[in-house]
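For reference, the structure is listed below as structure tokens.
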Amino acid sequence: MRAFQIWRQISKSDFTFCKSKVITRFLSSHPVPEAWTRPFDPPSPEFDWLYLCDDKNRAAIEENIVNRKGVGDINQVISLWKTFQKEKDVAKKESLLQQLNEAASKIPNRTSPTSPIGSEEQAECKGLFGTKREFTFKPQSVMEIGKRLNLLRTSDVGHTTGPRTYYFLSDFAKLEQALIKYTLDNILPQGFTLVSVPDILSASVVEACGFRTTGDRNQVYKLESNRHDNPLCLAGTAEISLAGLFMNESLTTLPKKVCAVSRCYRAEVSRLEEEQGIYRVHQFTKVEMFGVTKNQGGDDLLLEFLEIEKQLFQNLGLHFRVLEMPTQELGAPAYRKFDIETWMPAKELWGEISSASNCTDYQIRRLNIKYRETNKDDGVHAETVNGTACAVPRLIMAIVENNQQEDGSVVIPEVLRPYMSGQTHLQRSPLRGKLTFSKGKHPR
Amino acid sequence: MATALSYSRVRYQKLRNLSRFTKILRLHSSRCCQEIDNLPEFGSSVLSELSMIDPDLDVGKKLANPIELQKNIEARGLENINIQKLAIKYGRMMKIKQEKDALDQERKMLNNQIQTMIKEKIQNEEIENVKVKARGLREQHDTVVKSLQDVHHEVNLMAFGLPNTLSLQTPVDNEEVLEVFGSTEIKQKKDKFSHIEVAEKTDLIKFSSVGDQAFYFTGEAAELQQHLLSYFSTRVVDQGFIPMKTPDFFKDFVIEGCGIHKEMTYLMHQPYVDQGIQYCVLGTSEASFAAYLTKMNISQKSLPLQLMSVGPSYSPVRKSSYPGLFSAAQTSKVNLLGVNSTSEESYSTFTELQQLILEMYKQLEIPLRLILVPAHKLKLSEEICAELQIWTPSLQEYLPVASISVLGDYISRRLAVRPVGVPEFQASTLHMVYGEVLDTTRLIAVLLEHGSLDKKAGTYQMMKSDIFNQFNNDV
């Protein structure tokens, strides 16, 4: 009788009669996510061969490459293309296609006619916002204020977590959360969908978004890959993860506007004195906006993102400027880019707090993101746009330095006070007593 | 046929995951104090010169009661720990130490003798004879010191994998249920479904192959994640915990100092800086606090020290065989740490924190229970652990979502977190309590399963509760 009952339970995939939970779980037909059962298969890029391999465009593409720091060889692409067209042998054709794709992947995106040509100095100021505060005293840096109020630790931290690491304590940590909530509360009502993203990505996805993962000057952290099927990297920005969200998708309604709060990891270093402290760090939190729009719609969406950023920073009371970035600052994927820089009074410099780019179809073609209008069979390539809504450490730096008072207190911007329980000023950390770092090998 | 093939494929995946899981378990236990002539690797990073730490493993005290130590090891199910070999090695070390002390004494006497002879203007030849003897002793001393250092290092390596003491309250065989809350009717719900099915029918979750077991929460699910992080962190801060934002990767000795094997973390591809040191990507964890406190001298006035950290947490090795998001590689966590001057204070904090997390989770209005984890499921660093578990419809069992543990002085001894002040305080050790208050990925997956899914219509409704209304009002 008991055996019959057990047989009936098994037939219904009910294994709860097992005394061992592990075996019950093993036998139960819990579906495994299908995406996790297959290895990552990067999509084949669909380059615009008609444009790239047309001799009429060769000069313009070459000039574009020169203007953008000279990475990429269009002559090699055209030569390979011609050889590929003539080749009859299937195996050789396959090998040529691989070489062709590799060469074509190095060609940077086209450049907007509005982008200035040249180096960083050629950036054009498109507007100045807010008022530069005139100090009647020498303003302290965020490092000095943070140390004095015991809200920031950057000294003696490299021993356990490496260089350019930091700890936010108490009100600085609360300020980070306040900035995130403030940003989300302002951008979600503007049609953005919040997405939580993976931070550990396959190297292929990172490369498809235009970020190099190999070579001396790449900024991407890689993880030991002998345990994993594909080389893995830490995402330097949620832009990559959000682009990966739409990989191989065939979208029917556009634009898609998404945003994410994520931890960003960048291996970039700087020996510049003004970039020490929390200005250029290896790990930080950022709220990123990302959009997919129709062909030729990228610039409109870029300007929309830019307006959102301007509003966010104006409400924070910052004094900032909008720069249209020149060709050498665009990177490989961007067609057009705006940076926002805010005035940092302690160092007396303009510090970048946001960047927004129209990447047109650069990422789209590498990630196979298509837009399919109703009643049409073939999808067309869409365009992607991304923008920084909130990069926490630099915003904290700007807010703290600009809002410090002569008596040493720091005023919290009004728009952030509801997110900090109504606090009007930053308070010293409630950490009592002394914590002191013991240098040298600690004797027992 | 298609169903049979699909079933087989799922079984194959489970077998593959289970074999990986078993391999990791064996790796985890076999690396502690192996019964071999080769020394274990676990702890080598803490004991290396690069860490600049001289950990105090209190080996003598542990070996003073070998029966208790053996019971502890057996209760925890740890294999390949040979206390006898460790004791022999320790005995040898003590003998060499005695030899060194005797040599120190003799050298001191000889030095005093030489000083006296010089003062009394005794003949140079006699003084020289004594000096020759002193030089011989010095060479002997140097050899003994070197031997002592070597064997001390071996003892530390062998002892590093010993577990923390086991609290008398920790159950040995099975978990001990402390409290149960919530309606059992929910357990009888007929239309059970998993969060994986919710992902198939809605766009709240997207599973992806872009990374290591990658997934996305979108829309309502992503907003729920932010609300949960805010809700739990605010309540912890209201209890007096100081919020922190901490780095996400740590040098290997910090990881090992917390009793975690490096292989349980993502390892950074070398080299970037610091040759010879491996960076481990773990995110928000006990290592977050340990890294902050390593080699810190803490005054009594600073205690009790209460810290909270919020951020992403990464785990490449799934410690359990739970399906889908229940064993995700990435989540966001709210963790806390309490540092106290005595063990009694730690246990008092342990009790208070159990009630705190219980009250927080009761607001979700779903069946849950609080249990004491049995010894064989404890981490090396834990003396006792209380887990909060939520009833999970798809698994038909309670799933751990939060925990509070007493770590005692395990981390503080290994990472030189020292008291400083009056002699009595300075001679003591610092005791810690650690809590993982929220694991968003796991909790959201459970909460989704408590909603309503109409598989035919493909519609889904999140569960209703007062706390969700509160989240919506906060928007």
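Here is how names work: the chains are called A, B, and so on, in the same order as the sequence lines, proteins then strands, and each is numbered from 1. Just so we're clear, the structure is a prediction, and the values are computed from it rather than from any experiment. These values consider heavy atoms only, across backbone and side chains, with no hydrogens, waters or symmetry-generated copies.
Contact of A:Thr161 with chain B is made through backbone and side chain together, with heavy-atom distances under 4.5 Å. Using a 4.5 Å cut-off between heavy atoms, B:Val281 contacts chain A through its side chain alone, with no backbone atom that close. The contact between A:Leu184 and chain B is made entirely by side chain atoms (from C-beta outward), counting heavy-atom distances below 4.5 Å. Using a 4.5 Å cut-off between heavy atoms, B:Gln226 touches chain A through its side chain atoms alone. With a 4.5 angstrom heavy-atom cutoff, B:Pro312 touches chain A only via side-chain atoms. Neither the backbone nor the side chain of A:Val258 comes within contact range of chain B; no heavy atom of the residue lies under 4.5 Å from a heavy atom of that chain. Looking at B:Phe253, only its side chain comes within 4.5 Å of chain A, counting heavy atoms on both sides. Contacts between A:Asp199 and chain B at a heavy-atom distance below 4.5 Å involve backbone atoms as well as side-chain atoms. The part of A:Thr285 that comes within reach of chain B is its side chain, from C-beta onward, which places non-hydrogen atoms under 4.5 angstrom from that chain.
Note: B:Asp248 leads B:Thr218, B:Val237, B:Thr234, B:Asp248 in heavy-atom pairs under 4.5 Å with chain A. Listed options B:Ser309, B:Ala287, B:Ser299 were ranked by heavy-atom pairs under 4.5 angstrom with chain A; first place goes to B:Ser299. Across A:Phe284, A:Tyr167, A:Phe172, A:Tyr166, the residue that shares the most heavy-atom pairs under 4.5 angstrom with chain B is A:Tyr167. Chosen from B:Ser332, B:Pro247, B:Ala291, the residue pairing most often with chain A at heavy-atom distances under 4.5 Å is B:Pro247. Of the listed residues (B:Gly311, B:Pro304, B:Gly240, B:Gly283), the one with the most heavy-atom contacts under 4.5 Å to chain A is B:Pro304. Between chain B and the residues A:Thr165, A:Leu431, A:Thr193, A:Val205, the most heavy-atom pairs under 4.5 angstrom are made by A:Leu431. When B:Lys245, B:Met296, B:Lys301 are compared by the number of non-hydrogen pairs under 4.5 Å with chain A, B:Lys245 comes out ahead. Among A:Ser241, A:Ser262, A:Ser204, A:Ser429, the residue making the largest number of heavy-atom pairs under 4.5 Å with chain B is A:Ser241. Of the listed residues (B:Gly219, B:Ala199, B:Ser288), the one with the most heavy-atom contacts under 4.5 Å to chain A is B:Gly219. Annotation: maximal heavy-atom pairing with chain B below 4.5 Å, among A:Ala260, A:Pro42, A:Ser202, occurs at A:Ser202.
Minimum interatomic distance between B:Tyr292 and A:Leu169 (heavy atoms only, all atoms of both residues): OH-CD1, 3.5 Å. Among all heavy-atom pairs drawn from A:Trp36 and B:Gly324, the shortest one is CZ3-O, 3.6 Å. For the pair B:Leu50 and A:His159, the tightest heavy-atom approach, listed with the atom from each and the gap, is O-CE1, 4.0 Å. Between A:Arg432 and B:Leu303 the shortest heavy-atom distance is NH2-O, 3.1 Å. Nearest approach of B:Tyr266 to A:Leu232, heavy atoms of both residues: CE2-CD1, 4.3 Å. A:Pro198 and B:Val210 make their closest contact through CG-CG2, 4.2 Å (heavy atoms, listed as atom of the first residue, atom of the second, distance).
The closest donor-acceptor contact from the side chain of B:Tyr216 to the backbone of A:Leu245 lies under 3.5 Å. Between the side chain of B:Lys295 and the main chain of A:Ser438, a donor-acceptor pair closer than 3.5 Å is present. Using modelled atom types, one side-chain atom of B:Gln330 and one backbone atom of A:Val197 make a donor-acceptor pair closer than 3.5 Å. Not a single donor-acceptor pair under 3.5 Å links the side chain of A:Lys181 to the backbone N or O of B:Ser230.
If you check the side chains of A:Lys434 and B:Ser302, you find no donor sitting under 3.5 Å from an acceptor.
Taking CG from A:Leu234 and NE2 from B:His269, the interatomic distance works out to 12.5 Å, rounded to the nearest 0.5 Å. To the nearest 0.5 Å, the span separating CG on B:Leu305 from CG on A:Leu435 amounts to 6.0 Å. In this structure, OH in A:Tyr221 is found 5.5 Å from CE in B:Met268, a value given to the nearest 0.5 Å. For the atom pair A:Ser170 OG and B:Met308 CE, the distance stands at 10.0 Å (nearest 0.5 Å). Remark: A:Phe40 CZ to B:Ser208 OG distance equals 7.5 Å, nearest 0.5 Å. In this structure, the separation between CD1 on B:Ile255 and OG1 on A:Thr160 is 10.5 Å, given to the nearest 0.5 Å.
Within the 4.5 Å cutoff, no side-chain heavy atoms of B:Pro323 are placed close to those of A:Val32. Contact annotation: the side chain of B:Glu200 never approaches that of A:Glu34 to less than 4.5 Å [non-hydrogen atoms, C-beta and beyond].
In this structure, A:Tyr265 and B:Phe249 have tilted ring planes: the angle between them lies in the 30° to 60° band.
By the 4.0 Å N-to-carboxylate-O rule, B:Lys206 lies close enough to A:Glu249 to be salt-bridged with it.
In this view, A:Lys286 and A:Thr237, A:Glu288 satisfy the side chain to side chain donor-acceptor pair (under 3.5 Å) rule, not counting sequence neighbours.
Dense packing is recorded around CD of A:Gln423, with more than 12 heavy atoms of other residues, nucleotides or ligands lying under 6.0 Å away.
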